[in-house]
Amino acid sequence: MAKAAAGRSKAGGSGLRLVIVESPTKVASIASYLGDGYIVESSRGHVRDLPTGAAEVPAKYKGEKWARTGVDVEHDFEPLYVVAQDKKATMRSLKDALAQADELLLATDDDREGEAIAWHLLQELKPKVPARRMVFREITPKAIADAVANLRDLDTDLVDAQETRRILDRLYGYEVSPVLWKKVMPRLSAGRVQSVATRLVVERERERIAFRTASYWDLDAVLDAGDGAEPPHFPARLTRVGDRRVAQGRDFDSRGQLLTRSNEVLVHLDEAQTRTLSSSLETAPFSVVGVDSKPYTRKPYAPFRTTTLQQEAGRKLGFTAQRTMSVAQDLYEGGYITYMRTDSSVLSDTAINAARAQVTQLFGASYLPASPRVYANKGKNTQEAHEAVRPAGDTFRTPAQTGLRGDQFRLYELIWMRTIASQMKDAEGFSTTVRIEATPAGAEPCTFVASGRTLTFHGFLKAYVESSDEPDSSGDDAQTRLPQLTEGQSLRAESLTPAGHETRPPARYTEPSLVAKLEELDIGRPSTYASIIRTITSRDYVFKKGSALVPTWLAFAVTRLLEEHFPALVDYKFTAQMEDTLDEIANGNAARVAVLTDFYFGAGGKRSTDANGEPGPDAPVISEEDLAGHEGLQRLVSELGDIDARRLSTFPVGDLGSTVVVRVGRYGTYVEDADGRRANVDDELPPDELTYELAQELLSKPMGEERELGTDPETHRTVVAKQGRFGPYVTEVLEEDAPKSAKPRTGSLFASMSVDSVTLEDALRLMSLPRVVGTLDGEEVTAQNGRYGPYLKKGTDSRSLESEDQIFDITLEQAEAVYAQPKQRGRAAAKPPLAELGPDPVSGRPMVVKEGRFGAYVTDGELNATLRRDDDPTTITAERGAELLADKRAKGPAPKKTTRRAPAKAAKKAPVKKAAASKTAATKAPAKKAAAKPRATASAPTS
DNA sequence: CAGTGAGCGAGCTTCCGCTTGACTT
């Protein structure tokens, strides 16, 4: 056992070493292995990160133009790191522990992220005592002792690789998402992982939409092998007619066309042909023309890693990825299994020994291979900080011995069985193919094939059989038995059944199959697989239908935008290539700044500018080849004007030449035909079910949410209530032959009314507005409802009313009194302040907290600053108030906004379903003009 | 996707990967 060398520290000479690991669940066992002389603490994951939003940016950096992303792209992509609020307590206790120690051992995980956590700890703790790096991949007394005996220095290249990954992800996410806010809808998101995950789901749906079914027929026979055969009957299928092979599902392409392969002639049977063939074969003699038997072996599956665990728990137990991880977390914390977030299938020696011992004990020595089975890791980018997911300990407890129950029992049992099976012998047996011929009178010979599989030794299948996503596929342990058959043997057809089949479109992804695909593409990490699905569902890109993941039309629109304008970013190979580059950085063969420059400013390097807008001294000369290379993220993001959101959000319905389109719009998804007729499309209608016929059906029905209230007794017109752009309103239906210029009367509902409950009487009153109250100063005074609520109008002079009912009640005398008051600025009357904070240290004026249109804000009478999400208006301190005002002062006056006439493209709102269509919502801040300053470099590329 | 009139404190949304509580029901 290693002991700290004592006596060299000034921190009290305690002789104590502080060991910091990532997970608190490891603390107790490591502390017990290390013994006296050590304090063991945990960082609970990362301790610092780039700021999430403005609230986390220190006041000092608030004014910087890179404060929003936290990455200063113009100065070597220098990142700004902050300790998040919920990490402060952890840092405090680590600092306290460090104060007692005279050496620091950073024992975070042995991978890229772990190395970075160690570096951040070092940066934040600023130890005055020596700090070393300690790594281990197994928590056993020996492994821990070895780790202490083999300390190393921090690997700064590896840290660089992690920072590059982090910065790249931030720039991608925080630069591209705002493009979607401006072009599609607010609150959308894009990212290296989620955008590709969404694209995969969209791509699969596109295939399904384009898919055309083919139907084909074949002939199933049940043959009789004669008395004494076991089994006496067996199935066989027609495979050839003469020289031609009978077409099967795999012989058709996705358009329903028969594939032509060079050296093979196919016959595509239809129902009539098959029936004719069937009856002509009824009397024909059948005989065996070939028997081919081959040995069959099947290797066990590798032990679980995160993805395979999620897949199998999904298939066998019906768990979502999230539920699997949560149950696994419980098992891990209870000491039942090893760490559940891993990309490794490797078992430690201890685990192999435990598994082998249990195989012998439970199944006997005949099931144990002579030497341990070794499983290689999946891809080259595996990060091997942890071993496979397996039962914990030097010996494995059987599920019954654990005393676990419910979900925990079932998941443990699954993990246990899989681990045991991985150290068992192969399954062995034979697979047999029998060819049978029958020749109808005066026709070509027909070939039937029967295949069978028998297991002579179950091997690992005794313990574990993997499940499949395909509903009609049989498991690895399935056997089909054929009777003993010899060449030349005669058979009798017991029955002949023509069978029709149809090709099926590719199946949608499920949670586990999408995760498996992402893993294959090297996208995402074990700790994030479950949350990827959560992200794309919570953004409404994808929804679940049963277990299938179905994309929305919104996902189609966003994916198309990214594919056309950011093609490199949604390339399926993007992450894999990034990983290669990160490996280069980790190996010291590439520089972080160069990689990020290439990504952000494009091939050809940084095109920085000096104060005069001239190329900076470090701007490299850009060659023609470089220009032909790729554009950087910055330039792509700045080309907002080129993005035609309406076109990208519009998709044809049905086959080519159809004039009906489906479009993702501000108020949801709708179909539109050439005449401009529109109808809403249910958000949960799978895109591949939106056929031309269905679209026509939707278009022929009136738009939803409309309710007939009755007939106006005076005009005999139908009065309806419906949901509109500015909220619910009532209107009348004009006669068919009404002139085009005729406008129906309308009226917004009062807050107290709803489309469902409003009466005809209410509606007629609303439509009668404005109401003439009387005449004042020779001008007519009217009362009406407007976008800011009820008001009076006299010529160009308007005054707000307090309640909607006053529109109908107010008398001329009362109106006169209203106009006698001076015109009020702002809201009716100033509300009393929520709190008084004393004088502002800068202006000297008293600070008060008030409730305003956008929530609580603090003001010194001149400058106002909205309280942040975490501030409580009633308990806020003077200090914090002054800080907010100082922030605001530092930012300077808000940039002048230009009003856009039509809200058409920008500032899209959420779909109708969620949009509480309030009047104020319609008056939302006008869209900021895309500030696309042309770059003033001499070498701007011309394409 | 109906069409009416002021002037006002805007600020925030978003990424990926490491890890658990501290909350609520």
Side-chain angles (χ1 to χ4, degrees), chain A residues 21-25 42-47 49-50 52-55 68-69 86-87 89-90 108-109 111-114 116-117 120 162 165-181 185-195 329 333 341 524-528 531-532 535 539 665-667 670 678 680 703 705 722-727 729-731 743-748 769-770 784-789 791 793 796-800 823-827 850 852-859 862-869 888 894 897 912 917 919 925:
Chain A
V21 296
E22 281 183 47
S23 168
T25 52
S42 71
S43 75
R44 294 158 199 273
H46 272 290
V47 290
D49 193 11
L50 299 170
T52 312
R68 193 182 60 82
T69 59
D86 59 341
K87 291 289 178 185
T90 304
T108 48
D109 289 351
D111 58 17
R112 195 165 66 209
E113 296 295 329
I117 293 173
H120 280 297
Q162 191 276 346
R165 197 278 308 155
R166 180 66 190 94
I167 292 168
L168 187 149
D169 280 336
R170 167 53 64 95
L171 292 174
Y172 184 149
Y174 273 41
E175 295 285 15
V176 179
S177 297
V179 172
L180 299 181
W181 305 342
M185 265 180 214
R187 292 174 176 275
L188 295 179
S189 61
R192 174 174 57 83
V193 172
Q194 61 169 290
S195 294
Q329 176 86 29
E333 285 175 10
R341 293 190 278 266
R525 302 281 314 138
S527 64
T528 63
S531 59
I532 294 168
T535 300
R539 297 272 173 276
R666 274 183 294 167
Y667 310 104
Y670 59 94
R678 291 176 171 183
N680 289 327
M703 294 274 276
E705 309 242 5
K722 52 183 172 180
Q723 200 68 32
R725 203 149 42 115
F726 310 120
Y729 69 104
V730 288
T731 187
K743 288 262 165 78
R745 292 173 300 162
T746 62
S748 281
L769 296 176
Q784 59 239 284
N785 213 2
R787 73 204 265 223
Y788 306 109
Y791 67 105
K793 189 174 164 186
T796 56
D797 193 6
S798 65
R799 297 295 162 88
S800 284
K823 190 164 172 135
Q824 293 241 341
R825 288 176 65 81
R827 284 166 157 232
K850 290 183 175 174
R853 209 154 48 103
F854 304 120
Y857 64 102
V858 59
T859 176
E862 276 203 354
L863 194 64
N864 306 307
T866 304
L867 298 198
R868 301 298 151 79
R869 216 173 352 176
K888 186 67 187 246
K897 289 176 178 178
V912 142
K919 289 176 191 161

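We name chains A, B, ... by the order of the sequence lines, and we start the count at 1 in each one. Please read these numbers as outputs of a predicted model, since none were measured by experiment.
Taking every side-chain heavy atom of A:Pro178 into account, B:dT14 is the closest of B:dC15, B:dC18, B:dT14. Nearest to the side chain of A:Arg165, among B:dA10, B:dT14, B:dC16, sits B:dC16. Checking B:dC16, B:dC18, B:dT13 against every side-chain atom of A:Ile117, the shortest atom distance belongs to B:dC18. Of the candidate nucleotides B:dA10, B:dT20, B:dA2, B:dT20 has the atom nearest to the side chain of A:Pro24. Of the candidate nucleotides B:dG11, B:dC15, B:dG17, B:dG17 has the atom lying nearest to any side-chain atom of A:Ser527. Here the side chain of A:Glu113 is nearest to one of B:dC12, B:dC18, B:dC16, namely B:dC18.
For A:Tyr729 and B:dA2, the ring-to-base geometry satisfies the stacking test (centroid distance below 5.5 Å, interplanar angle below 30°). By the stacking rule of 5.5 Å between ring centres and under 30° between planes, A:Trp181 stacks on the base of B:dT13.
Side chains of A:Ser189 and A:Gln194: a donor on one and an acceptor on the other come within 3.5 Å.
Note on A:Thr859: nothing from the nucleic acid sits closer than 4.0 angstrom, heavy atoms only. Using a 4.0 Å heavy-atom criterion, one finds that A:Gln194 contacts the sugar-phosphate atoms exclusively. A:Gln329 comes within 4.0 angstrom of the backbone, heavy atoms only, and of no base. Using a 4.0 Å heavy-atom criterion, one finds that A:Asp49 contacts the bases of the nucleic acid, with or without backbone contacts as well. Contacts of A:Leu188 with the nucleic acid, taken as non-hydrogen atoms under 4.0 Å apart, involve only primed sugar atoms and P, OP1 or OP2. Among the heavy atoms of the strands, none lies under 4.0 Å from A:Ser42. Residue contacts for A:Gly114: at a heavy-atom cut-off of 4.0 Å it reaches no nucleic acid atom on any strand shown. In this structure, A:Thr108 reaches neither bases nor backbone, as no heavy-atom distance under 4.0 Å exists between it and the strands shown. Using a 4.0 Å heavy-atom criterion, one finds that A:Ala54 contacts the sugar-phosphate atoms exclusively. Residue contacts for A:Gly191: at a heavy-atom cut-off of 4.0 Å it reaches the sugar-phosphate backbone alone, with no base atom in range. Note on A:Tyr172: nothing from the nucleic acid sits closer than 4.0 angstrom, heavy atoms only. Within the 4.0 angstrom heavy-atom criterion, no nucleotide atom of any strand lies near A:Thr731.
Side-chain atoms of A:Arg68 and A:Tyr174, non-hydrogen and from C-beta on, do get closer than 4.5 Å to each other. At least one side-chain heavy atom of A:Tyr172 sits less than 4.5 Å from a side-chain heavy atom of A:Ser195. Between A:Thr69 and A:Glu175 the shortest side-chain heavy-atom distance falls below 4.5 Å. Side-chain contact between A:Met185 and A:Leu180 is absent, with no heavy atoms from C-beta onward closer than 4.5 Å. Residues A:Glu113 and A:Glu22 fail the side-chain proximity criterion, which asks for heavy atoms closer than 4.5 Å. Residues A:Ser23 and A:Ser42 are not in side-chain contact: their nearest non-hydrogen atoms beyond the backbone lie 4.5 Å or more apart. With contacts defined as side-chain heavy-atom distances shorter than 4.5 Å, the pair A:Thr528/A:Ser531 qualifies. Side-chain contact between A:Arg192 and A:Arg165 is present, with heavy atoms from C-beta onward closer than 4.5 Å.
Rounded to a whole Å, the CD atom of A:Glu22 is 9 Å from the P atom of B:dC18. As a whole-Å value, the separation of A:His46 NE2 from B:dC16 P is 14 Å. Distance CG (A:Asp111) to P (B:dT19): 8 Å, rounded to an integer number of Å. Regarding A:Arg745, its CZ atom lies at a distance of 14 Å from the P atom of B:dT4, rounded to whole Å. As rounded to whole Å, 11 Å separates atom C1' of B:dG11 from atom CZ of A:Arg187. In this structure, A:Gln784 atom CD and B:dA6 atom P are separated by 12 Å, rounded to whole Å. Between A:Arg525 atom CZ and B:dC18 atom P there is a gap of 5 Å when expressed in whole angstrom units. For the pair A:Arg341 CZ and B:dT20 P, the interatomic distance rounds to 6 Å; values are reported in whole Å.
The side chain of A:Thr528 contributes no N or O atom lying less than 4.0 Å from OP1 or OP2 of B:dC16. Between A:Ser23 and the phosphate of B:dT20, there is a side-chain N or O to OP1/OP2 separation shorter than 4.0 Å. Proximity of A:Arg166 to the phosphate of B:dC18: no side-chain N or O atom is located under 4.0 Å from OP1 or OP2. At the phosphate of B:dA6, neither OP1 nor OP2 sits under 4.0 Å from any side-chain N or O atom of A:Ser800.
Every residue meeting the side-chain contact (heavy atoms from CB on, under 4.5 Å) condition with A:Ser527, not counting sequence neighbours, appears here in chain and number order: A:Arg341, A:Arg525.
Here the side chain of A:Arg187 pairs no donor or acceptor atom with the backbone of A:Trp181 at under 3.5 angstrom.
Taking a pair as Watson-Crick or G-U with both hydrogen-bonding distances under 3.5 Å, no stem of three or more pairs touches DNA chain B.
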Let's go through A:Arg166 and A:Asp49 carefully: what are the C-alpha distance in whole Å and the side-chain angles of both, what is the deciding distance for salt bridge (Lys or Arg N to Asp or Glu O under 4.0 Å) to 0.1 Å, and is it a yes or a no? CA-CA 9 Å; A:Arg166 180 66 190 94; A:Asp49 193 11; 2.8 Å; yes

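Each of A:Lys793 and A:Asn864 was matched to the nucleotide of DNA chain B holding its nearest heavy atom; the match closer to the 5' end belongs to A:Lys793. A residue-by-residue look at A:Val193 and A:Tyr791 shows that A:Tyr791 has its nearest nucleotide of DNA chain B further toward the 5' end.
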Close N or O pairs between protein and nucleotides 23-25 of chain B (under 3.5 Å):
none

